[in-house]
Amino acid sequence: MNRYDDIKLLRINYLRGPNVWTYRPVLEVWLDLGELENFPSNLLPGFTERITALLPALAEHHCGVGERGGFLQRLIEGTWSGHTLEHVVIELLNLAGMPTGFGQTRSTSQHGIYRMVFRARDEQVARTALEQGHALLMAAINGDTFDVPAAVTKVRDKVDDCYLGPSTACIVAAATDRRIPHIRLNDGNLVQLGHGARQRRIWTAETDLTSAIAEGIASEKDLTKSLLKACGVPVPEGVVVADKAAAWAAAEDIGLPVVVKPTDGNHGRGVTLDLREQSDIAAAFELAARHGSEVMVERYVRGHEHRLLVVGGKVVAAARGETAWVTGDGHSNVVELVDHQINTDPRRGTTEDFPLGRIYADSDGAVLLDLQRQGLKPSDIPAPGRQVLIQRNGNVAIDCTDEVHPEVAHVVSLAARVVGLDIAGVDVVAEDISKPLQQQGGAVVEVNAGPGLLMHLKPAEGMPRPVGRAIVDHLFPETEASERMGERHGRIPIVGVAGSRGTHTIARLVAWLLHLSGPKVGLACRDGLYLDRRLLERGDCAHWEPGHRLLMNRAVEAAVFENGAKTILRDGLVYDRCQVGVVTDLARSADLAEFDVLEDDQMYKVMRTQVDVVLSYGATVLNVNDPLLVDMADLSDGEVIFYGLDGNDATLQAHAAAGRRAVFLHQSRVALATGGNLETLDELGDISPWLAHTRADSADTLLAAIAAAWGMGLSADLITAGIETFDPDMQAPRGTQISPAKAH
């Protein structure tokens, strides 16, 4: 069997924003197939059988055929190795629990060189999948063995290391469903939803509305109980104790049975229930002391443990717990029984992907204590048929949302408000959650900040609940007050200016005009990074990193970005959508050859990226003098505003006659036309002095900026005033100072 040299990975580039391939982040890989360029899959004996044996689910891939088995058909008919690598990587990501459907492979102008891309939610995960997919493909080509489970494990481990946890991921997914953009702010679970001044931040199930004082109160169980009791929330009486003797004395005062737990513990750690003997209480004190700074003894409330999730004052999900038991078989010890009868449950595991955790009967302090109370050790063999209690709490994963009594929901919501938490996990013990607590002696036992969401997302029994959507709706309410464009989606007004001619002047002029209309405006262009006309960074900032910083800045209320073709090809756009997108031209520069952009139709694909991201309530501004840009108008989700020097241009005239907007020169004056309505900016007069002062390339530059400002809803009077006072060097405006308030 022939052996083939490895496919060479020439360049790996992470496109983080909308790009020539798709709206979403992708990993773009430049491949050199080498000798394999002459050997498509149908010329590699046995290859199709080997690759599908390693990855059977490749038979499910649709590929370009558009139906199940499409990719398998391509393999049989003959497809090149770059295309196969694309599907191998996608399948590894699917197997690793990060489903990925998008991928493309295209040839370049160089023989045997291809560009392959695939959807990449996280760069490091994508790189690991590429590495493993590359090795798997070469093994299949050369007939070598390959450990697919080990490769999947490496990708899954990288997902666990690098990607968002399930609670954060579900919130981000819900935000994406509502078209709210997000930015990951660290390697963990700190995420920004929305842009600039309209952003919100989450950290798992905590938000920037979650009070630090409320978190502090929630962490002090005794303080929480005293506040809840004062407001009429039923809580079990209890007291903080300093030692074992005090714990027993408190138990006698409260009345047996009791619960012993740490005052500042979480996730049920160090909690022991239903204690009746002094020795058991002493042992429970030691366990609780290891998990918290202080120990509390409180009245034992009979019933099941419940976790109710409160978001924005409403109960949105509830889960019930059950005790865990094993039954003796006469030959297995307790540890073996737990492993065989409990831990084999497919719902149990060691990661957050599982609704129930594994139980370690030989090391979990609470389990050991319960076994001791039953006269057993982990190594003991219970008699056949004997029921052994293994775990009293920690199994809260049975959905019971629809069973919650309205009075219980009211009490639980009150508990969250008393503590001051916008999102809270409230622990309730009750025999029956469908009845009021007072009726059955139930009680609220804890109020927790930053509650886990997995029990509601993947319950062991029952229906998953859309808790991520509830949190997003809490942060971005869809109310009448949020109807104004962008607010319900966390978006600030964004203008993107793409092209090569005069784009920096257009970007600066639009930023100045927006500034006059009131908001604090961020600007990223080749001249620098600006916020509210203050220079933050000098030099070329028309690329991803500076623009990204603007979108993270809470002070930014509107933003303008200059985008060259190289920026789009290297990084993608910094924003996912914009209100106004301007494309000035399709001119190619020599340095685009490194991206294999050599023809006009390729430039069209690059620049359409700016048009593709315009919002439906926004506007695309296009230069009517370029026929290809005129054709691009059909791609816009928003309205289209044409601009051009010649007011008699047939395309401009037809566009305006159809009731659409156009900007052009009319008798040497700037004119704004809509249908039969024509408004000239007479106060500007002859624009030649302005062009000389601003060193603009041509009048096109001014017209594009005016069209963009008009598309943003600025009035003709404000546009005129802004143009008269614009300083191309971003210093104090020449002429009379106009404050934003007066410019309205």
Side-chain angles (χ1 to χ4, degrees), residues 4 6-15 21-22 24-33 36 41 44 46-64 68-75 79-106 114-166 169 173 349 351-353:
Y4 299 90
D6 273 6
I7 296 169
K8 293 179 181 178
L9 309 184
L10 302 177
R11 188 194 312 173
I12 302 174
N13 188 32
Y14 188 48
L15 299 174
W21 303 97
T22 180
R24 297 184 174 96
V26 296
L27 197 70
E28 181 184 68
V29 187
W30 291 62
L31 309 168
D32 183 352
L33 299 189
L36 285 169
S41 55
L44 296 171
F47 169 72
T48 297
E49 292 75 14
R50 290 192 296 273
I51 195 73
T52 52
L54 289 169
L55 297 173
L58 287 177
E60 303 294 328
H61 289 209
H62 289 206
C63 196
R68 180 185 179 276
F71 177 62
L72 185 59
Q73 180 181 332
R74 296 287 301 278
L75 282 173
T79 190
W80 275 262
S81 297
H83 181 214
T84 305
L85 178 59
E86 169 202 325
H87 282 268
V88 168
V89 172
I90 287 174
E91 185 54 32
L92 286 178
L93 287 167
N94 291 342
L95 292 171
M98 187 172 276
T100 302
F102 175 81
Q104 286 189 23
T105 304
R106 296 288 182 266
Y114 292 79
R115 285 191 297 172
M116 183 268 286
V117 298
F118 58 92
R119 173 83 165 93
R121 291 180 178 85
D122 179 271
E123 180 178 3
Q124 296 309 313
V125 171
R127 286 178 177 271
T128 301
L130 173 64
E131 176 188 1
Q132 296 302 313
H134 182 208
L136 188 156
L137 175 62
M138 294 311 304
I141 288 172
N142 289 318
D144 299 333
T145 59
F146 189 83
D147 190 342
V148 174
V152 173
T153 297
K154 287 181 180 178
V155 179
R156 185 179 292 120
D157 288 346
K158 188 59 70 172
V159 172
D160 292 340
D161 289 344
C162 298
Y163 196 56
L164 300 170
T351 70
E352 290 182 323
D353 293 326

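Numbers here are sequence positions counted from 1.
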### CA sep, side-chain torsions, deciding dist, call: Y14, Q124, side chain to side chain contact (heavy atoms under 4.5 Å, CB included)
CA-CA 10 Å; Y14 188 48; Q124 296 309 313; over 6 Å; no
### Query
Between R24 and F102, does a side chain to side chain contact (heavy atoms under 4.5 Å, CB included) hold up when you go through it step by step?
CA-CA 10 Å; R24 297 184 174 96; F102 175 81; over 6 Å; no
### Task
Would you check, one step at a time, whether the test side chain to side chain contact (heavy atoms under 4.5 Å, CB included) holds for H87 with T105?
CA-CA 10 Å; H87 282 268; T105 304; over 6 Å; no
### Message
Run L31 and L10 through side chain to side chain contact (heavy atoms under 4.5 Å, CB included) and show every step you take.
### Response
CA-CA 6 Å; L31 309 168; L10 302 177; over 6 Å; no
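Counting heavy atoms from C-beta on, the side chains of F47 and T84 come closer than 4.5 Å. Proximity of V117 to V29: side-chain heavy atoms (C-beta onward) are nowhere separated by under 4.5 Å. Taking 4.5 Å as the limit, some side-chain heavy atom of L130 sits within range of a side-chain heavy atom of M116. Contact check for P25 versus E123: no side-chain heavy atoms found under the 4.5 Å cut-off. When side chains are defined from C-beta on, N142 counts as touching Y4, because their heavy atoms get closer than 4.5 Å.
How far CG of L36 is from CG of L137: 8.0 Å, rounded to the nearest 0.5 Å. For the atom pair CG of L75 and CG of L58, the computed distance is 7.0 Å after rounding to the nearest 0.5 Å. Considering CG of L136 and CD of E91, their distance stands at 10.5 Å, rounded to 0.5 Å. With rounding to the nearest 0.5 Å, the separation of CD in Q104 from CZ in R115 is 10.0 Å. E86 CD to S81 OG: the interatomic distance, rounded to the nearest 0.5 Å, is 12.5 Å. Note: K154 NZ to D147 CG = 8.5 Å, rounded to the nearest 0.5 Å.
For H83 and F71, the ring centers are positioned less than 6.0 Å apart.
Annotation for R121 and P99: closest pair NH1-O, 2.7 Å, computed over non-hydrogen atoms. L33 and G82 make their closest contact through CD2-N, 3.8 Å (heavy atoms, listed as atom of the first residue, atom of the second, distance). Considering every non-hydrogen atom in both F146 and Q132, the closest pair reads CZ-O, 3.8 Å. Of all heavy-atom pairs between A120 and A126, the closest is CB-CB, 3.6 Å. Closest of all the heavy-atom pairs between G133 and V89 is CA-CG2, 4.3 Å. Across all non-hydrogen atoms, the minimal contact from R156 to L95 is NH2-O, 3.0 Å.
A donor-acceptor contact under 3.5 angstrom links the side chains of E28 and W21, judged on distance only.
With T52 contributing its side chain and T48 its backbone, the two residues share a donor-acceptor pair below 3.5 Å. Under the 3.5 Å distance criterion, the side-chain polar atoms of R50 are matched with a main-chain donor or acceptor of A140. Under the 3.5 Å distance criterion, the side-chain polar atoms of D32 are left unmatched by any main-chain donor or acceptor of I7.
Of the residues I90, T22, V88, V26, the one that meets the side chain to side chain contact (heavy atoms under 4.5 Å, CB included) test with F118 is I90.
In this structure, R127 places its CZ atom where more than 12 heavy-atom neighbours from other residues, nucleotides or ligands lie under 6.0 Å away.
Taking E131 as the reference, nothing meets the side chain to side chain contact (heavy atoms under 4.5 Å, CB included) condition, with sequence neighbours excluded.
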